[in-house]
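Keep in mind that the numbers below use all heavy atoms, side chains included, and drop hydrogens, waters and symmetry copies. Treat the numbers as computed from the prediction; the structure is a model and nothing was measured.
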Amino acid sequence: MNSNSYFCSTIGRKQLVGLTGLALCGFVLMHALTNMLILVSPDAYNKYSHALVTNPLIYFAEAILVLLFLGHIVIAIGLTVSSKGARPEKYHAGASGVKAGSVVAKNMWKQGIIIAIFLVYHLITFKFGTYYKTTIDGVEMRDLHRLVVEMFQLPLYSGFYVFVMVVLFFHLSHGLSSSIQTFGFHHPKHTPKIEKLGLAFAALVAVCFVSQPLYCFFIYKG
Amino acid sequence: MAGSSAQSINLKLKVWQQRGPKDKGQFLEYDAKNVSTEMSFLEMLDVMNEDLVKQGKEPIEFDHDCREGICGMCSLVINGSAHGKDQAITTCQLHMRRFKDGETVTIEPFRAKAFPVIKDLVVDRSAFDRIIQTGGFVSVSTGAAQDANNLPVGKEKSDRAFEAATCIGCGACVAACPNASASLFVSAKIAHLALLPQGEVEREQRAYGMVHKMDEEGFGSCTNIGACSASCPKEISLENIAIMNREFLRGSLTHRK
Ligand code: SF4
Ligand code: FES
């Protein structure tokens, strides 16, 4: 590839991280909202997950998701590594106050690593985890609800889960508005609103996810 | 910085000393006694250097020129902050009354791979010049100045262009950025020219050329941390970086080579 190509430039790659990130925001929001079926009933939860995995489009959707995650992660790692290399000798004294910049933004890559590790573990635990069976309305399907409740009743697992969701909150709170800036939109009147919207979005996602272990741990009585 | 109302203060200075770009470098500790609080930071260093010369030692090298905040030559990272902790000033405008008696002050050069240390606190910022050479100008033939009314510029645009044009090219944005990104500087130049009719003509080539040059010089990439704008003596806004991002996208889409 021509080294002067858009895809080799820092801005081009940043825009791709932003674009994949924004698409992943959509996925995460849908995931968080549909998980709320756990508060409705075990059957509703299982029926939805059954409908999801039996839809023929699922393989297509999963392939896109894998590409989005890999693209987001691989490009972001490349950018982070070259940015670290752009300051070979670190400062001995650290900046403080406003001149230090946003702590969340500075640590996006660390949050990314935690989320990526969680993602693998999450897939092992649930997608490829114990397969309980149940029959609802005469249809045999996976009892995912049972597995979820079992996992969330383990204090250690729930604690880890809540921690990662807090990390995800920070990641999204910067990521959403940051990607808008990266695409080239900044307006003195609208940017503060977009930042608030990003914060609200991150909070909504985190609250939905965290409500599951809280529900399973404190409220749900089998 | 709480600051001091005393006439003079005593400080402990930890100053970076480095013989050349290849040298490892180290801190030199120095007791600055009876520093007048009326002095500027650079005057305090002048006095320190006079003392060093009197003792037969080599003075510490640092950059400066106008000493009134307009040339962009002074630099320094003071206690971890580019141009010191106060906002909207250059190091040459920082005064010793902003320090407390007995304080330890750490002085480092602007650190970035693209800004190699020449000696001690002096770094080579010519990477900025090379970026400017790839498009930070307007190629119009000069001649007799034409009637100003021939080129109408809206008030709001002219204000924004002017704000971007106040960048003095000091490099504090690079120094402050955890990614050592030059985005604020480059974007200020791109926005300044793209907003004006004279510069608009070459906006695509300019953004395309300058951004690729910035990457080639080894600066890091922007992750919207905001330390640059907070450290910028001219308070250049992050809005310019957004303008650069879209100008670059536009430049990439229309580039013909
Ligand atoms: S943008 Fe600000 S900090 Fe960066 S070079 Fe220009 S004046 Fe200096
Ligand atoms: S010496 Fe000119 S801006 Fe500081």
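No other option in B:G226, B:A180, B:C177, B:S181 has as many heavy-atom pairs under 4.5 Å with chain A as B:A180. For the options B:E239, B:R246, B:Q87, B:M214, heavy-atom pairs under 4.5 Å to chain A are most numerous at B:E239. If you tally non-hydrogen atom pairs under 4.5 Å between each of B:C232, B:A114, B:S229, B:C222 and chain A, the highest count goes to B:C222. Between chain A and the options B:R111, B:K113, B:K14, heavy-atom pairs under 4.5 Å are most frequent for B:R111. Note on A:A95, A:G101, A:A86: by heavy-atom pairs under 4.5 Å with chain B, the leading option is A:A86. Contacts with chain A were tallied for B:G220, B:S81, B:S231; B:S231 has the most, counting heavy-atom pairs under 4.5 Å. Considering only heavy-atom pairs separated by less than 4.5 Å from chain A, the leading option among B:V117, B:V77, B:I243, B:N240 is B:V77.
Within the 4.5 angstrom heavy-atom criterion, only side-chain atoms of B:T106, from C-beta onward, approach chain A. Contact of B:L238 with chain A is made through backbone and side chain together, with heavy-atom distances under 4.5 Å. Contacts between B:C228 and chain A at a heavy-atom distance below 4.5 Å are absent for every atom of the residue. Residue A:Y91 touches chain B through both its backbone and its side chain, counting heavy-atom pairs closer than 4.5 Å. If you measure heavy-atom distances from B:E247 to chain A, you find no contacts under 4.5 Å at all. Both the backbone and the side chain of B:S221 come within contact range of chain A, each with at least one heavy atom under 4.5 Å from a heavy atom of that chain. For B:H255, no part sits under 4.5 Å from any heavy atom of chain A, backbone or side chain. With a 4.5 angstrom heavy-atom cutoff, B:K213 does not touch chain A via any of its atoms. Proximity to chain A (any heavy atom under 4.5 Å) is restricted, for B:F219, to the backbone atoms N, CA, C and O. Only the side chain of B:F27 comes within contact range of chain A, with heavy atoms under 4.5 Å apart.
Annotation: the span from B:I241 atom CD1 to A:T182 atom OG1 amounts to 9.5 Å, rounded to 0.5 Å. The OG atom of B:S237 sits 4.5 Å away from the NE2 atom of A:H186 when rounded to the nearest 0.5 Å. We find the OG-CD distance between A:S9 and B:E216 to be 13.0 Å, quoted to the nearest 0.5 Å. The structure places NZ of A:K14 at 8.0 Å from OG1 of B:T223, a figure rounded to the nearest 0.5 Å.
Summarising the geometry of A:A100 relative to B:I225, their closest heavy-atom pair is O-CG2, 4.4 Å, with the distance given to 0.1 Å. Considering all non-hydrogen atoms of both residues, B:N224 and A:H174 come closest at O-CE1, 3.1 Å.
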query = Between B:L253 and A:Y6, does a side chain to side chain contact (heavy atoms under 4.5 Å, CB included) hold up when you go through it step by step?
reply = CA-CA 9 Å; B:L253 290 172; A:Y6 172 80; over 6 Å; no
task = Would you check, one step at a time, whether the test side chain to side chain contact (heavy atoms under 4.5 Å, CB included) holds for A:E89 with B:W16?
result = CA-CA 12 Å; A:E89 170 94 35; B:W16 187 256; 3.7 Å; yes
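For CZ of B:F162, the number of neighbouring non-hydrogen atoms (other residues, nucleotides, ligands) closer than 6.0 Å is 12 at most. Environment of CZ in A:F170: sparse, with no more than 12 heavy atoms of neighbouring residues, nucleotides or ligands closer than 6.0 Å. Around the NZ atom of A:K90, the shell of radius 6.0 Å holds more than 12 heavy atoms that belong to other residues, nucleotides or ligands. In the displayed structure, A:L156 atom CG is contacted under 6.0 Å by at most 12 heavy atoms of other residues, nucleotides or ligands.
Remark: the backbone N or O of A:T10 is paired with a side-chain donor or acceptor of B:D215 at under 3.5 angstrom. Remark: side-chain polar atoms of B:N245 are not paired, donor with acceptor, to backbone N or O of A:I11 under 3.5 angstrom. Using modelled atom types, one side-chain atom of A:R87 and one backbone atom of B:A175 make a donor-acceptor pair closer than 3.5 Å. A:K99 places no side-chain N or O within 3.5 Å of a backbone atom of B:A176 that could act as its donor or acceptor partner. Formation of a donor-acceptor pair under 3.5 Å by the B:E108 side chain with backbone atoms of A:H92 is found in this model. Under the 3.5 Å distance criterion, the side-chain polar atoms of B:K85 are left unmatched by any main-chain donor or acceptor of A:S96.
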